[in-house]
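Reading through the C-alpha cells given below for one structure.
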Amino acid sequence: MATSGEGSRGIFGATSQRAFNAQIKKVYKWYTGGFLVFIVALAILEQLGLPRAWIGYLFLLATIGLYAGIGVMSRTSEAAEYYVAGRRVPALFNGMATGADWMSAASFIGMAGTLYLLGFNGLAFVTGWTGGYCLVALLLAPYLRKFGQFTIPDFLGARYGGNIPRFVGILAAILCSFTYVVAQIYGVGLITTRLTGVAFELGIFLGLGGILVCSFLGGMRAVTWTQVAQYIILIIAYMIPVVWLSVKQTGVPLPQFVYGKVLEKVTAREADLIKDPKELQVRDIFKQRAADASAKLKDLDKSFADGKAALAAAVAKAEADNAGADAVDAAKKALEAYPKDAAAAKAAWTKESRLAARANPPLRHAEAFPGKDDAARDVSRRNFLALVFCLMIGTAALPHILMRYYTTPSVREARQSVFWSLFFIFLLYFTAPALAVLAKYDVYTNLVGTAFASLPQWVASWQKVDPSLLSIIDVNRDGIVQLAEISIGGDIIVLATPEIAGLPYVVSGLVAAGGLAAALSTADGLLLTIANALSHDFYYKMLDPTASTTRRVTISKILLLVVALAAATVAAQKPADILFLVSAAFSFAAAAFFPALVLGIFWKRANKWGAILGMIAGLGITFYYMATTQAWMRGIFGVTEPDRRQHLVGHPADLGRPVRRAARLRGDHHREPADAGARPGDAGTGRARPVSEPRRRHGEHRRDLTARAAHDEEGPQRCGPFSLRREARRRHPRRRARWCRACGPASRGDREGRAHARARLVVPSARLTMSADADLAALTALSPLDGRYAAKVAALTGHFSEYGLVRHRVRVELAWLTALADETAIVELPPFSADARAEIDKVAAAFGPADAARVKAIERTTNHDVKAVEYWLKERFAGVPEVARAAEFIHFACTSEDINNLAHGIALAQARAEILLPALHAIASDLRALAHTHAGTAMLARTHGQPATPTTLGKELANVVARVERQAAQIERVPLLGKMNGAVGNYNAHAAAYPDVDWERLSARVVAGLGLEQNPYTTQIEPHDYMAELFDAVARANTILIDLDRDVWGYVSLGYFRQRVKEGEVGSSTMPHKVNPIDFENSEGNLGLANALLRHLAEKLPISRWQRDLTDSTVLRNMGVALGYALLGWVSLRQGLAKLEADPARIAADLDANWEVLAEPIQTVMRRYGVANPYEQLKALTRGRTGMTRESLHAFIDGLALPADAKARLKALSPAAYTGLAAALAKRI
Amino acid sequence: MQLTQKHLEYWSKNLRMTGFLLLVWFVATFVVGYFSRELSFNFFGWPFSFYMMAQGSLIIYVVIIWFYARYMNTLDLEYDVHEGEED
C-alpha cells in the first residue's frame, strides 16, 4: 500500500480534505484487497505443503510489518498531527479506528466464549458495551469535539478551571489506561506465543515492538491509520470462520439472521441432556468426588494420615496376597500419586471439591436470569441490569475512546463518527452471540455422544495445547463423550472455530492475527492516552507551559517508551488477576469521568470543587469496593473477614476467567467470593455529582466571582470576558461548550496556548485579585480592546497597561539601586548581601496587580506616578534593614524620564520578543503550510483584475510569506534604546555627588542589563527615534497583511476558497458552500486602526520641544492600544486562514474558461521560430473574443508555420499547466 | 453574541431529541431487560428477550446514533446563524 506517497507527508498527508478522503478510501480498498490476496496466497501455499509454523510466522511478520510501515509513513512531530491526527480523520475511518481501539483481545477472543459459558446472562456484555455508545453519541462526543482540545484532562481543566481538576483527570486517566494496557500487552504476549511458539516474555516484547512502531513515530496519526488497518484485519478474521460454520450448519452465510433456528435446536438438545441418564451418572460421580473431598478437608490431618495409611496397607496387602506384579504396581503407583504432605493434600482436595460445579445440570442457553427460585432469579436480574449499566457508563467514559472524537474534522463528523464507531463494533458484537450458539450446537450434537476412540482432530490438538482450554475425560468410563465430561475454556470458542468448521490452518493463523490486531490496537490507543496525559496535560499544561511543540512531542514519545516498557514489565510478571484489571479500568473510568464530563457539559452550575470531589469520591468508592470484595485485593489490604456481599453474575473480569476456571461449563452462576461480579456500587458512584454548592439566591454575584477566580487560576487570558460568556450561557445553555472560543478554534489551540502561556508567565498569579471587577469592566470598557476583544490581546496587558508600566518601573528602580550598590566608589552604599539581593529580585519578579494597586494608592497622595514607585519601594523594603538603610539611594540622581524610558523599552523588548514576533511568525508559518499544500494548485492570475498568465495558489501565498518574514526581520532588527543620564542627559546631579564614578559606564551597564542599548546622546528624554522605526516597521507589516486580507477576501468572493465552518455551533453556518470572509474583514479593520495609531506615534514621538515637552508621555500611553489593534488583526487573520479550504474545482473552472491566457507562450514560441507578426496575429485571435476554447486555440496553432514538435508542445499546454516555476517556488518557501 | 429566540429553540429541540432518544435507549435496554423472563415468546426462533439483548437492542442503538447524527446535522443547517456574530 506504500505507493502514492506525496512529498514528505506521505499518503496520510494529502492536500484538501476531500482529496484526502478520496485518497484514504482508495488506499484502504487496495489494502483490504491486498490482505485478502495474501490470505488466499497463504492458503494455496498451505495446500502445497507450507508448514504450519511458517504460516504463523508469515502472519506475524506481515501484519506487524504492515503496522510498522503505516507507523513509519505517518511519522510526525507536529502537535496537532501527533495528538489528534491533524483533526481530519473522516468519520468513517475514525469509526473503524475507534472500533479497533475499543475492541480488545477480550472482545475478540473472549466475548463469544463468555456467551457460550454464560448463555443469556453473558448478553450483558453485548448490550452494555454497545449501549454505552448511545451515551457517547448523545451526551459526549459532539460537545467534546466542539471544545476542540487534545485530551480529556484538557476538558476538565478548562471547563472547571484550575489545575486540580486537570490533575485528578490525569491521575484517573493514567489509572484506568495503565491497568487496561497491562492486560492488553499480556494478551499480545499470549497470542504471539501461540502464533509462533516463542517464550511468553519474548512474545510480550515482540508485541511491544509492534505497538511502539505504530505509536512512537506518529502518535495519534500513526495510531489512527494503523487501527483502521487493524480493524479490517480483525473483522475479516472474525467473520470468515463464523460464516463458514453457519454455512455448514444452516446453509445460509448470514449467521446473525438465522441462528435463531439453531438456538431452538440447542434448547431442545439441552432439555434432553439435562435428563439424560448417562449425563446424570457423570454428574453424580462429580458430586460424590466433591463431597468426599469436602469431607476430607474438614479434618485435614486425620484424613491425610488415614488415606496414606490405607494406601500403604493396600500395597502391603497386594504384596502379601501375591496378587501379581500388576496389582502391586498399581497399588504402589496410587501410593506415589498420593499428596506428599498435608498442604499438598489440601490443595488437591480443594480443587477436587470444586468439581461440585460440574455436578450441576447444563445451563439453558436462552433462559433469562436462571436461578433455583424466584429470589435467586431476582438477584440474577438485578445483577444483569447493574452490569449492563456499569459497562455502559464505563464505555462512555474511557479516555482513550473519547479522545478519538477530537480527531474528526468537525462536530458534524464527530456525530457521524460515533455512528460509524458503533456500527463497526456492532458488526462483531452482533455476530458473537451467533458464534456462541453455533459453536454450542456443534459441541452438543457432534462432540457429545462421540466415541472417545473417534474424537475429532481439533479436540486432540487443543487438549495438547492447553488442557485448561479443553479437556475431555471419560469419567464414567463408558467410552462415549458426555457433555458433563467436557471441560471447556471460553477462549477456545473463537480460536478453535476454524477447526470446528473444518477450515484450513491458514484461517486459524488469520484468527490469531485478528486477535493480535485487536490487542495491539487497543494497547496503542491506551499507551498514547497515558503518554499524552503525562506530556500534554501534566508536563505542558502544568509544569512548563512554554515548552515548544517539538519538545512536547519528543517528551510524549519518550514517555510512550517508558510507559510501554513499564506496562510490559508488569505484564511479564503475569500478575495474578490480570483480567480483574480490565474491569477495574472500566469501573474507574465510569466513576471518575462520566459524571464530571456529562455534568460539565449539561449542567451550568457544576463547578470546580464539585467536580474534583466527585471524581475523587468516585475513584475512592470504587477502590474501596474492590479492596473489600476482590480476594486478590482483600489480601493486599488486609481485609480478612469473609465477604458477605451478594455475589453477582458476570463482570468484565469474567471475560477471561473461563480460561482459568474451565470447570464452569455447567453454568453455575454462584461464584466463589473472589469472583465478585458487577458492582452496582460502581454504577452508584457514577452518580457522584458535584452538588456541593447549595443554591444561593443571594449569592449570585459571589458565585460569579468564585467561578471567575477558579477560572483565573488557569489564566484569565485563556478565556477572556468570562462573565459575558457566562451570562450568555445562563440565558442559553447551548453556549456552554463554547466558553473557550476566545482561545480559538481547535487547530489554533496549541499555538495560541503557547502565547497564552507566555502571557501567564509575564503576568503573575496575583492577577486573580484584579479580575474581580473585570466582569463589569469588560461590559463598560470604552475600548473594545478591553471589552469585547480583551481575551485576544490579553498577552499585551502585562506590558502596556498601567500595571505593566509600574511593574517595569519597579524593575528599573531596583536595577539602578543594585548597580549603585555594586559601584565601589559610592562608599555610602555598600554592596548588598546575597540575602538582600534575593529579596530585591523577589520583589521585582513577584510584582503583581495588588502591588500596582498600592502604588496607585500612594500616587493619590504624592500626585506623581514615578515618585509613588519610589515610596512604595521604601515601604516595601521597610522590613529588610539592609535595603531600608539604602532607601535614600532609591531613584538616586534620577529624573522620572530615566525610569520611564527604560520601562517603556523593557515593555517593547519583551512584547516584541514574546508576543509580536511569534505572532507574525505564526502567520508566516500558517501561510507557508497553505503555500505548500496548494503549491501545485494552478490558478488564474489577475493583473488589473483581468485574466492573466496563470500562477498557483501556493505561489501567491508564498509571496506573502516572503514579505511577512522580511518585515518580521526588519522589526527584529530595530535596536531598542534607553538612557539613564539625569535631568537633561548630562549626568549633572550624578557628577556633582560622586565626581569619581564613571557614570557613563555605570549607566550603560544598567541599560544593557535591562536588555536595551544605551543611547549616549539624549535630552531629558530618550528621543524615541527607535520607537518610530519600530512602529513604522510594524505598520509596514500590517500594510502587507491588509493587502493579504483583501486578496483573500477577493478569492473568497470568487469562490476560490470556501470557508471550513465549525458545524454544530449556534451562530455558525453549516452550509459548506457558504462563505463568510468576516475574519479577514475584522483583520483589515483592526490593522487599519493599528496603522493609524502606529503612524501617528512614529511621526509624533521624535518631536519634543527643546529639551522636553510632555506630548510624548501622552501618546506613549497608547503604545499598547496601537500594538493591541495590530495583534488583534493578526489573530483574526490567522483565525480566517485556519478556516480556509481551497475549492480546486472552482479554481480549475476559471482557468478552463480562459484559454486566451495561452496567447503569451504561443507568441513567445512564434517569435522563437520567426513567425511574422506574432503579436498582431494573436491579438486578432484573442482581442474582443469571448469563449476562446481549446479547440479554437489548437486550430490556430495548427495553422502556424512551426516545427511539429513545437506545435505538439504548444498543444500540450493548458492554462492549468502553464504555471512556469510557480509550484517549485511555492514549495521552496 | 446576541442570543435569539432561534438559539433557544435550537437548544431545546436538541435537548428534547436527546431526551427522547435516551428514553428509547432506556426502554430497549432496561425495561426490556427487566422483563426478560416475561418476554420470552418465540420471535423468529429466538426467545424475544434473548433476541433483544443479543441483536435487537444493538440495532436500536445503531439506529439511535444514526438518527441523532442526522437529526442534529439537519438542525444545524436549519438554524443556520451568521458566523460573524461572535468574531
Side-chain angles (χ1 to χ4, degrees), chain A residues 120 123-124 126-127 130-131 133-135 137-139 142 256 258-264 366-369 377 381 384-385 388-389 392 411-412 415-416 418-419 422-423 426 429-430 433 724 728 731-735 741 1059 1061 1063-1071 1074 1076 1078-1079 1082 1132, chain B residues 1-4 6-8 10-12 14-15 17-19 21-22 24-25 28-30 33-40 42-47 49-55 57-62 64-70 72-73 75-77 79-87:
Chain A
F120 182 95
L123 295 176
V126 177
T127 312
T130 49
Y133 277 88
C134 286
L135 300 177
L138 298 175
L139 304 178
Q256 302 88 339
V258 295
Y259 79 94
K261 297 289 168 209
V262 182
L263 181 60
E264 279 181 334
E367 185 187 356
F369 319 134
R377 284 184 204 117
R381 165 161 68 193
F384 179 89
L385 295 176
V388 169
F389 185 74
M392 283 184 174
V411 173
R412 182 191 192 79
R415 292 195 193 105
Q416 283 162 355
V418 190
F419 164 70
L422 181 60
F423 178 77
F426 163 87
Y429 280 37
F430 192 61
L724 282 184
R731 281 187 283 149
H732 193 321
R734 171 70 172 173
R735 311 286 312 159
R741 179 82 192 282
Q1059 213 166 343
V1061 287
E1063 287 99 328
E1065 288 177 348
V1066 172
S1068 77
S1069 158
T1070 46
M1071 285 189 283
K1074 185 165 177 180
N1076 189 346
I1078 181 96
D1079 291 319
N1082 177 299
S1132 297
Chain B
M1 175 71 208
Q2 200 63 41
L3 290 163
T4 62
K6 249 179 130 184
H7 297 139
L8 293 170
Y10 172 92
W11 178 245
S12 77
N14 174 25
L15 278 191
M17 184 47 71
T18 306
L21 292 176
L22 279 179
V24 174
W25 166 82
T29 312
F30 293 102
Y34 189 86
F35 294 106
S36 280
R37 288 189 74 83
E38 290 74 14
L39 294 171
S40 56
N42 189 309
F43 182 80
F44 301 105
W46 290 271
S49 55
F50 185 97
Y51 184 82
M52 278 301 288
M53 290 294 114
Q55 323 273 121
S57 61
L58 272 64
I59 297 173
I60 292 173
Y61 300 151
V62 172
I64 285 178
I65 296 176
W66 171 81
F67 181 79
Y68 178 73
R70 205 188 71 127
M72 286 308 293
N73 290 346
L75 205 64
D76 283 353
L77 284 179
Y79 282 80
D80 168 42
V81 183
H82 204 269
E83 164 104 284
E85 291 222 340
E86 187 178 280
D87 53 349

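These numbers come from the heavy atoms of this one structure, side chains and all, not from hydrogens, waters or symmetry mates. Per chain, numbering begins at 1; letters A, B, ... match sequence-line order.
- Of the inter-residue distances, the one linking L15(B) atom CG with L138(A) atom CG reads 11.5 Å to the nearest 0.5 angstrom.
- If you take CE on M72(B) and CZ on R412(A), they are separated by 11.0 Å, rounding to the nearest 0.5 Å.
- Contact annotation for I64(B): only side-chain heavy atoms (C-beta onward) come within less than 4.5 Å of a heavy atom of chain A.
- Residue S1132(A) does not touch chain B at all, counting heavy-atom pairs closer than 4.5 Å.
- In this structure, the portions of Q256(A) lying under 4.5 Å from any heavy atom of chain B include both its backbone and its side chain.
- In this structure, chain A has heavy atoms under 4.5 Å from both the backbone and the side chain of W66(B).
- When heavy atoms are compared at a cutoff of 4.5 Å, S57(B) approaches chain A solely by way of its side chain, counted from C-beta outward.
- Only the backbone of F44(B) comes within less than 4.5 Å of a heavy atom of chain A; no side-chain atom from C-beta onward does.
- Counting all heavy atoms, side chain and backbone alike, G45(B) lies closest to E264(A) at O-CG, 3.3 Å.
- Using a 4.5 Å cut-off between heavy atoms, I59(B) touches chain A through backbone and side chain atoms alike.
- Interatomic distance, OG1 of T29(B) versus CE of M392(A), reported as 4.0 Å (0.5 Å rounding).
- Both the backbone and the side chain of Y34(B) come within contact range of chain A, judged by heavy atoms closer than 4.5 Å.
- For the set T18(B), V62(B), L22(B), the count of heavy-atom pairs under 4.5 angstrom toward chain A peaks at V62(B).
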